[in-house]
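Just the heavy atoms: all of them, side chains too, but no hydrogens, waters or symmetry mates, feed the values below.
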Amino acid sequence: MRLEDLKHEKLKAWIKEIADMCGPKDIYVCDGSKEEYDRCMQGLVDLGLAHPLTKRPHSHSFRSDPSDVARVEDRTFISYPNKEDAGPTNHWMSPDELKSTMKGLYKGSMKNRTMYVIPFSMGPVGSPIAKIGVELTDSAYVVCNMHIMTRVGTKVLDVLGSDGEFIPCLHSVGAPLADGEKDTKWPCAPIEKKYISHFPDENLIWSYGSGYGGNALLGKKCFALRIASAMARREGWMAEHMLILRLTNPEGKRFHIAAAFPSACGKTNLAMLQPTIPGWKCETIGDDIAWMKINPEDGRLYAINPEAGFFGVAPGTSYDSNPMAMDSIKENTIFTNCVETDDGDVWWEGMGPAPKHGKDWKGNDWTPESGEKGAHPNARFTAPARQCPVICKDWEDPKGVPIDIFIFGGRRASVMPLVHESYSWDHGVFMGSTAASETTAANIGAAGQLRFDPFAMLPFAGYNMGDYMNHWLEMGDKLGDKAPRIFYVNWFRKDADGKWLWPGFGDNSRVLKWMCERVEGKIDAVDTPIGKMPKDGDLDLKGLDIPEADFKELMRVDVEAWKDQANQIEAHYAKFGSRLPERLKKQLEELRARLSK
């Protein structure tokens, strides 16, 4: 499609403005077709940047520059005129200063490169919960990944029409080419010139210098969380770092669960859960992000997965830990920074037996005796969600699915029991706002040093975290008795010898079953200082061999350690100053009162 064919004058004017600044050799408007994907990928193969994998149909392996391997949080900016609006958990720079700096970098940055125009929909095209973005990029790698991760092309332009709203997303790898020069390696700028910038007041994203993941696929964290969370607050909906799953009980009753976990807490594994309890079935709707709006017809909160693919961490993914993820990446997949094996496949640590020889993520010869990891710890796969064997048939329903349960969690070796339920919506928001993992081991009667990650949104909230907590409270006020129930889980509790107390993985379905039975009103619960917990015998442990003493420890509420935790929560809350909602201070007071009884 040609630029002249676009019907949206504002979009056309923006594209021309950016082309004048960045100076590409030509402009290409993406149509989203398979032929387009194949053509872009073949161009990357011809340059030697993409390596076809003979063992996986229509799949390719890439190696990034060693300086460009992950999100760069200290180069990620939330830019409001007033620093307070970004809050203490975000990096801030004034819009004028940031734009001035970046315009200097963008000037001529696309020299001798094609500028791709990627019209994309976050969410099923035409859904009332979906939003449209347009990414301008000089990276064919980004085009191919966006084809998988979002809905791209002419069907999006049709919905956009001549005056629809879109989020402008500008991306350049920051590596202009001299006349006659070609890419010989992964193009990017040095770390000090990388900028991943968000201007929430303008719904604007500018990214420069990185070709990797969330820094470059601007529909993902940049739009779907940072910009969307700010939009959601203004417009009265929610953009959350949450998986979405459907759990169906033996009677055929469906429950929809949205869950927020920090990294390394088994989020994707839970999204693709294989229940170990007879008669229960789990289906995946999304593994990373949930957009949720109140449906005016029934007053309930409905969620969509705004993405169309999985951008998963490869190391540790295996047929033991997540067989459904492994089955999702057999074909049509992009792998980045994995080991390339001699027989045309990929491998990473934790996948299974290592190959005798391969090329590591830096392109060097590698064997299991090399003494260093073959795959980068943040190596990734990009795969279409439709390939997941347990993808829910309603995962692309435009109206979304009604959420029954919210779950928060963190990685805690001690103190936090396996599961507890909030006393109220406000108490549930308190639980989410104090979600944490341990950075140091706990001593007896103490909680260990905690790293708080409120709602698992620490790197992703597009505005002041105190205001974000208040938005959760306001959403609860709107939902009233239609609000989802809120629970907190900890799969990672250990005994004094460092042994896991809970088997995790598929057995986590037992905890979800208890939650569903609580929602149905089938079972009661025990009131404890921290929330409602399972009564003896209500958590289904049939077929599990857990010693009684271990289970008791798994569910124990250590009052003295919780008092120590309350002090850490107070220090965590102090960061937000006057922006911390009074209702959450009240929740902390009430927790302390219950602990002192």
Salt bridge Lys494-Glu438, side-chain N to carboxylate O under 4.0 Å: no

I'd like to know if Arg518 pairs up with Glu520 as an ion pair, taking the criterion as any Lys NZ or Arg NE/NH1/NH2 lying under 4.0 Å from an Asp or Glu carboxylate oxygen. no

Test of understanding: with salt bridge (charged side-chain N to carboxylate O under 4.0 Å, His left out), list the residues that count as partners of Asp497, not counting sequence neighbours. none

Does Arg556 come within less than 4.0 Å of Asp558, counting only side-chain N to carboxylate O? yes

Give a yes or no on whether a salt bridge exists between Asp550 and Lys499, defined as a side-chain N under 4.0 angstrom from a carboxylate O. yes

Value rounded to 0.5 Å, distance of CZ in Arg411 from CZ in Phe261: 12.0 Å

Give a yes or no on whether the ring-centroid distance for Trp361 and Trp348 is below 6.0 angstrom. no

Regarding Asp404 and Arg300, does a basic nitrogen lie under 4.0 Å from an acidic carboxylate oxygen? yes

Among residues two or more places apart or on two chains, list those pairs meeting ring-ring contact (aromatic ring centres under 6.0 Å, His included) that have a residue in residues 295-321. none

Scan residues 264-295 for pairs that pass ring-ring contact (aromatic ring centres under 6.0 Å, His included), counting only residues two or more places apart or in two chains. Phe223-Trp291, Trp237-Trp291

Using a strict 4.0 Å threshold on nitrogen-to-oxygen distance, state whether Arg233 and Asp467 make a salt bridge. yes

Residues two or more places apart in sequence or in another chain: which of them pass salt bridge (charged side-chain N to carboxylate O under 4.0 Å, His left out) with Glu349? none

Please confirm whether Phe455 and Phe408 have ring centers closer than 6.0 angstrom. yes

Quick one: do Glu251 and Lys522 make a salt bridge, cutoff under 4.0 Å? yes

Within the structure provided, determine whether Leu301 and Phe406 are in side-chain contact (heavy-atom separation under 4.5 Å). yes

Salt bridge (charged side-chain N to carboxylate O under 4.0 Å, His left out) partners for Lys220, two or more places apart: Asp288, Glu307

Ion pair present between Lys535 and Asp538, side-chain N to carboxylate O less than 4.0 angstrom? no

Using 4.0 Å as the upper bound for N to carboxylate O, is an ion pair formed by Asp540 and Lys542? yes

So does Lys586 pair up with Glu589, basic N to acidic O under 4.0 Å? no

Who are the salt bridge (charged side-chain N to carboxylate O under 4.0 Å, His left out) partners of Glu369, not counting sequence neighbours? none

